[in-house]
There are 2 protein chains.
Amino acid sequence: MKTLKIPEATIIRLSVYSRHLTEVDRKGIITTSSGDIAEGVGVSPAQVRKDLAYFGEFGTRGVGYNVKDLRQHILRILGLSVDWSVSLVGAGHLGLALSTYKGFRERGFIITSIFDADPQKVGTMVGNVEVLPIDQLIVVAKQNRTQIGIVAVPAAVAQDITDQLIKAGVQAILNFAPVVLNVPPEIELRNVDLAVNLEVLTFNVGAQRF
Amino acid sequence: MKTLKIPEATIIRLSVYSRHLTEVDRKGIITTSSGDIAEGVGVSPAQVRKDLAYFGEFGTRGVGYNVKDLRQHILRILGLSVDWSVSLVGAGHLGLALSTYKGFRERGFIITSIFDADPQKVGTMVGNVEVLPIDQLIVVAKQNRTQIGIVAVPAAVAQDITDQLIKAGVQAILNFAPVVLNVPPEIELRNVDLAVNLEVLTFNVGAQRF
DNA sequence: ATAGATATGTTAATTATATCACTAAGGAGA
DNA sequence: TCTCCTTAGTGATATAATTAACATATCTAT
């Protein structure tokens with residue numbers, strides 16, 4: 001098994017490329033080039049080719065790339081040629097925003113269960129999914145063969161929820177709570193910290209100081 | 001003016017350190033060390049010291065760091081020793097999630113205006129801020145000396161909203177729409193793409209393939 | 001006082017990432 | 001068919017970031 005290490009930045013860019021290619025394809029354009037893609041997403045052409053080169057040869061020299069083909073290749077690389085069963089924990093505003101976000105379903109992320117601690121919310125419908133109490137998390141997520149858990153709960157309970165998701169057998173966790181979660185090494189974890197993002201901005205706005 | 005280049009990863013970590021230090025301070029702990037911080041946030045002690053070294057000497061050899069002091073230093077570095085006026089565009093679930101997110105206000109991000117295109121939403125109150133129509137964006141945001149704009153609108157209108165925010169004089173934009181925005185170089189831009197985050201996870205879950 | 005233990009700040013080494021420059025291959029037009 | 005133009009793929013180079021190693025400074029205990 002080849003274990004070539006691929007930079008995370010490359011994966012993020014591939015995701016952006018694929019989104020861009022979806023747009024380009026929608027416009028009916030058949031062929032594109034590393035230069036076109038680069039311009040469309042704001043990177044260098046060499047970067048585009050290098051990113052793709054980790055995974056194979058998808059273009060034709062002197063010509064470019066077939067838009068549909070390249071898009072499919074990238075989706076397969078990202079693991080998006082199959083659907084993913086996602087469990088959402090926390091049905092607050094953020095949870096609702098995530099569950100109604102069209103981009104998820106389009107890319108094959110199917111929210112199969114939603115949990116919340118608030119008895120008022122339990123039993124309500126979000127789209128076509130019923131909000132369930134937390135104490136059903138492990139059983140239901142396991143039943144649904146949930147692969148990805150989204151943590152959209154207050155920081156104070158985020159670790160507990162995470163532990164339950166892992167007990168339910170998820171392989172990956174997307175965490176929105178502003179805490180550092182502890183997970184075993186075989187679990188993939190990503191954190192989206194909204195305040196951190198604003199703080200990078202404020203640093204940069206004032207960064208002349210340094 | 002010294003223009004030492006500081007890695008963005010360092011800024012992100014500083015933000016995490018400061019959050020960690022807030023917790024530690026809340027527990028009444030007076031002194032900490034690069035090792036403690038490293039353990040608390042999951043990086044190496046050398047990394048912590050290196051990150052801080054970009055900005056000065058904040059500790060005492062053989063002793064460590066005063067928690068309150070270091071926290072204050074980092075907040076100042078991040079530009080959080082003053083409040084920031086933030087304008088939120090888009091009062092959907094995501095917008096509401098952001099506007100009710102306590103972490104923002106705690107860190108000095110004050111949402112001073114909210115705009116939405118939906119006439120049904122215009123006039124409603126979000127917290128103590130009234131939702132205004134988009135056509136008041138430029139005037140009101142300018143009045144409020146808005147420094148940061150948050151774009152939480154559909155992808156199709158994100159560029160137009162961004163242009164208006166820039167006309168209103170914002171210095172930085174946090175974009176949640178899944179599109180590549182064009183902004184002049186003096187405007188700080190950060191993108192939070194929820195689908196990209198999930199896709200990095202799915203890639204990593206299946207990454208044995210490569 | 002002094003020795004030992006501890007933890008910072010900093011320089012050096014290593015590793016990772018991005019850029020550049022070149023080679024190879026396909027297409028179009030004379 | 002041959003030449004020129006274009007663009008992918010790639011190895012070499014440059015840059016950036018992380019890790020490791022160490023010298024310096026402080027505290028404690030004897």
Side-chain angles (χ1 to χ4, degrees), chain A residues 2-17 20-21 24 29-71 73-74 77 200 203-204 207 210, chain B residues 2-17 20-21 24 29-71 73-74 77 200 203-204 207 210:
Chain A
K2 187 160 47 151
T3 329
L4 179 56
K5 210 187 139 299
I6 290 148
E8 177 167 299
T10 288
I11 304 308
I12 293 172
R13 283 190 299 266
L14 284 177
S15 175
V16 176
Y17 301 161
H20 172 74
L21 290 171
V24 171
I29 295 167
I30 305 299
T31 304
T32 189
S33 68
S34 60
D36 288 347
I37 298 170
E39 200 187 336
V41 307
V43 301
S44 73
Q47 182 79 79
V48 174
R49 295 199 298 276
K50 207 53 214 257
D51 286 337
L52 294 172
Y54 284 108
F55 302 98
E57 305 188 5
F58 307 114
T60 310
R61 296 180 186 205
V63 182
Y65 303 92
N66 177 281
V67 173
K68 277 189 203 298
D69 275 5
L70 183 58
R71 177 172 173 277
H73 275 299
I74 296 177
I77 289 164
V200 174
F203 172 81
N204 285 330
F210 303 103
Chain B
K2 187 159 46 151
T3 328
L4 178 55
K5 208 187 140 303
I6 291 149
E8 176 168 300
T10 289
I11 305 308
I12 293 172
R13 283 190 297 266
L14 284 177
S15 174
V16 176
Y17 301 162
H20 172 75
L21 290 171
V24 171
I29 295 167
I30 305 300
T31 304
T32 189
S33 68
S34 60
D36 287 348
I37 298 170
E39 200 188 336
V41 308
V43 301
S44 73
Q47 182 80 79
V48 173
R49 296 199 298 276
K50 195 84 214 258
D51 287 336
L52 294 172
Y54 284 108
F55 303 97
E57 306 187 4
F58 307 114
T60 311
R61 298 181 186 202
V63 181
Y65 303 93
N66 178 281
V67 173
K68 277 188 204 298
D69 276 5
L70 182 58
R71 176 171 173 278
H73 276 299
I74 296 178
I77 290 165
V200 174
F203 172 81
N204 284 329
F210 304 104

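These values consider heavy atoms only, across backbone and side chains, with no hydrogens, waters or symmetry-generated copies. All values derive from a computational prediction rather than experimental measurement. We name chains A, B, ... by the order of the sequence lines, and we start the count at 1 in each one.
Within the 4.0 Å cut-off from OP1 or OP2 of C/dT17, at least one side-chain nitrogen or oxygen of A/Lys5 is found. Under 4.0 angstrom from either OP1 or OP2 of D/dA17 there lies no side-chain N or O belonging to B/Tyr54. The phosphate of C/dT8 has OP1 or OP2 within less than 4.0 Å of a side-chain N or O from B/Ser34.
Counting heavy atoms from C-beta outward, B/Ile30 and B/Asn66 have side chains that approach closer than 4.5 Å. Between A/Val24 and A/Asp36 there is no side-chain heavy-atom pair separated by less than 4.5 Å.
Here the C1' atom of nucleotide D/dT10 and the CZ atom of A/Phe58 are 15 Å apart, to the nearest Å. Residue B/Asn66 contributes atom CG, which lies 15 Å from atom C1' of C/dT8 at whole-angstrom precision. Atom CD of A/Glu8 and atom P of D/dA16 are 20 Å apart (whole Å). Computed from coordinates, the B/Leu52 CG to D/dA17 C1' distance equals 16 Å when rounded to whole Å. Computed from coordinates, the B/Ile11 CD1 to D/dA17 P distance equals 11 Å when rounded to whole Å. We find that CG of A/Asp69 is positioned 14 Å from P of D/dA8, with the value rounded to whole Å. One interatomic measurement links the two molecules: CD1 of A/Ile12 to C1' of C/dA16, which rounds to 15 Å at whole-angstrom precision. Note: CG (B/Asp51) to P (C/dG9) measures 12 Å, nearest angstrom.
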Footprint string (nucleotides 21-30 of chain C, 5' to 3'): B base within contact, S backbone only, - free, heavy atoms under 4.0 Å:
B--BBSS---

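Checking B/Gly59 against A/Pro7, the closest nucleotide of DNA chain C that is more toward the 5' end is the one next to B/Gly59. Position along DNA chain D of the nearest nucleotide to A/Lys50 versus A/Gly35 favours A/Gly35 as the more 5'-ward residue.
Nearest nucleotide to the B/Gln47 side chain, out of D/dA8, D/dT18, C/dA7: D/dT18. The nucleotide whose nearest atom lies closest to any side-chain atom of B/Glu57 is, among C/dT19, C/dT8, C/dT10, C/dT10.
Pairing each heavy atom of B/Ser34 with each of B/Arg49, the nearest pair is OG-NH1, 3.1 Å.
Between A/Ile74 atom CD1 and B/Phe203 atom CZ the span is 12.0 Å, to the nearest 0.5 Å.
Between B/Phe58 and B/His73, the two ring planes are tilted [angle within 30° to 60°].
Proximity of a side-chain donor or acceptor of A/Thr60 to a complementary backbone N or O of A/Val63 within less than 3.5 Å is not detected. The backbone N or O of B/Val200 lies less than 3.5 Å from a partner atom in the side chain of B/Asn204, making a donor-acceptor pair.
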